[in-house]
Amino acid sequence: MENTNIRKSILHMVHYSKSSHVGTCLSIVDILYVLYYKVMHISPTNPMMADRDKFILSKGHGGAALYATLAEKGYFPKKYLDQYYIDGGILPGHLDMEAVPGVEASAGSLGHGLSIGIGMAIANQLDQMKGHIYVLVGDGECNEGSIWEAAMLASTLQLKNLTVIIDYNKLQSFGRTNEVINQENMSERWKCFGWDAIDVDGHDIHALEEAFKLPSSGPRAIIAHTVKGKGVSYMEDKLEWHYKSPNDQELEMALRELGEV
């Protein structure tokens, strides 16, 4: 299945480049799979199609997951993934919208993607374009005040063409998310800011698809409860995989779990 292939690609990319953030990449794979294969109106052969839906990965350190998804979907050759996060490579570790087709916004510094998405949503309304805007942010990223400034604006403008997905894997760079800054009752927080909000299992393909297709009276927030490192047992819910890359033996173990070895 495509989401398993995406996980395999991520593991190969991070192992080869000896880079970090494999845990955060694996937690969002199922969300990306549902968006790119079941929900969004897009065209890999015409990536700049005017009425396309747009996806922004605000937590740009998870860029390997988006690159792998775009390659799997056919936006560019899979061999490009061998050029991830290496000297002279073409795919930067944090997203660069000029690197390959399909990346709608550069990202790295946290807290900006939702504001970019709001600008795109407003532009679509002014241009009478049907395209929907999807923005994925991290739960740790919700520590940023700019997220909540953007949330207030989006609800004030009643942007029905905007959906934010919170990757609620409950781990961030220095510990448990709710121990760093308490964010329990995440959906209630978004509701208080004027959004239609729903909690969903971020690895349940059917539940995710249904959540994306629900009607909304304004901007929609989907709180996706995920597991950092999902799909690789020894990485799941382990903070260390925010930083580590798998060595040869660990890569083989992970690929065996995913059915490649």
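Excluded from the calculations below are hydrogen atoms, water molecules and symmetry mates; all remaining heavy atoms, backbone and side chain alike, are included.
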- Message: Just verifying a value: how many Å separate I42 CD1 and F55 CZ, rounded to the nearest 0.5 Å?
- Response: 11.0 Å

- For F76, ring-ring contact (aromatic ring centres under 6.0 Å, His included) partners two or more places apart: Y80

- Task: Specify whether Y84 and Y67 have parallel, tilted or perpendicular ring planes, treating 30° as the upper limit for parallel and 60° as the lower limit for perpendicular.
- Result: perpendicular

- Message: Donor-acceptor check, side chain of S106 to backbone of M97, threshold 3.5 angstrom: yes or no?
- Response: yes

- Report yes if some heavy atom in the side chain of Y85 is under 4.5 Å from a heavy atom in the side chain of K18; otherwise report no. no

- Decide, yes or no, whether a salt bridge links R176 with D139 under the criterion of side-chain N to carboxylate O below 4.0 Å. no

- Could you give the distance from OG (S109) to CD (E141), rounded to the nearest 0.5 Å? 9.0 Å

- Flag if over 12 foreign heavy atoms under 6.0 Å of NZ, K244: yes

- Message: Going by salt bridge (charged side-chain N to carboxylate O under 4.0 Å, His left out), name the residues that satisfy it together with K79, two or more places apart in sequence or in a different chain.
- Response: none

- Task: With rounding to the nearest 0.5 Å, note down the distance linking NZ in K59 to CD1 in I166.
- Result: 11.5 Å

- Item | Listed partners of W190 passing ring-ring contact (aromatic ring centres under 6.0 Å, His included), at least two apart | W148, W195

- Query: Considering all heavy atoms of both residues, which atom of A99 and which atom of P92 are nearest to each other, and what is their separation?
  - Reply: CB-CD, 3.9 Å

- Task: Scan for ring pair (Phe, Tyr, Trp, His ring centres under 6.0 Å) pairs involving residues 202-221, sequence neighbours excluded, and state none if there are none.
- Result: Y134-F212

- Message: Is the shortest side-chain heavy-atom distance between C142 and V137 below 4.5 Å?
- Response: yes

- Query: Do the side chains of L35 and L162 join up, straight or via other hydrophobic residues, at under 4.5 Å, putting them in one cluster?
  - Reply: no

- Query: From E257 CD over to S233 OG, what is the distance, rounded to the nearest 0.5 angstrom?
  - Reply: 3.0 Å

- Check the pair K230, D30 against salt bridge (charged side-chain N to carboxylate O under 4.0 Å, His left out), reporting the backbone distance first and the verdict last. CA-CA 9 Å; K230 178 67 175 179; D30 298 311; over 6 Å; no

- Query: Would a hydrophobic clustering, with Ile, Leu, Val, Met, Phe, Trp and Tyr connected at side-chain separations under 4.5 Å, put L70 with I31?
  - Reply: yes

- Just wondering, more than 12 heavy atoms not from M1 lying within 6.0 Å of its CE? yes

Give every donor-acceptor pair under 3.5 Å between a side-chain atom in residues 110-129 and any protein atom, sequence neighbours left out.
{"residue": "N124", "atom": "ND2", "partner": "G131", "partner atom": "O", "Å": "2.8"}

- Item | Those residues that, when tested against H225, pass ring-ring contact (aromatic ring centres under 6.0 Å, His included) (two or more places apart) | Y168

- Output yes when a side-chain donor or acceptor of T177 lies under 3.5 Å from a complementary backbone atom of L171, and no otherwise. yes

- Aromatic rings Y243 and F174: how do their planes relate, parallel, tilted or perpendicular, breaks at 30° and 60°? tilted

- Query: Can you name the closest pair of heavy atoms from L11 and A254 and give their distance?
  - Reply: CD1-CB, 3.8 Å

- Query: Do you know which of D167, D201, T24 makes side chain to side chain donor-acceptor pair (under 3.5 Å) with T226?
  - Reply: D167

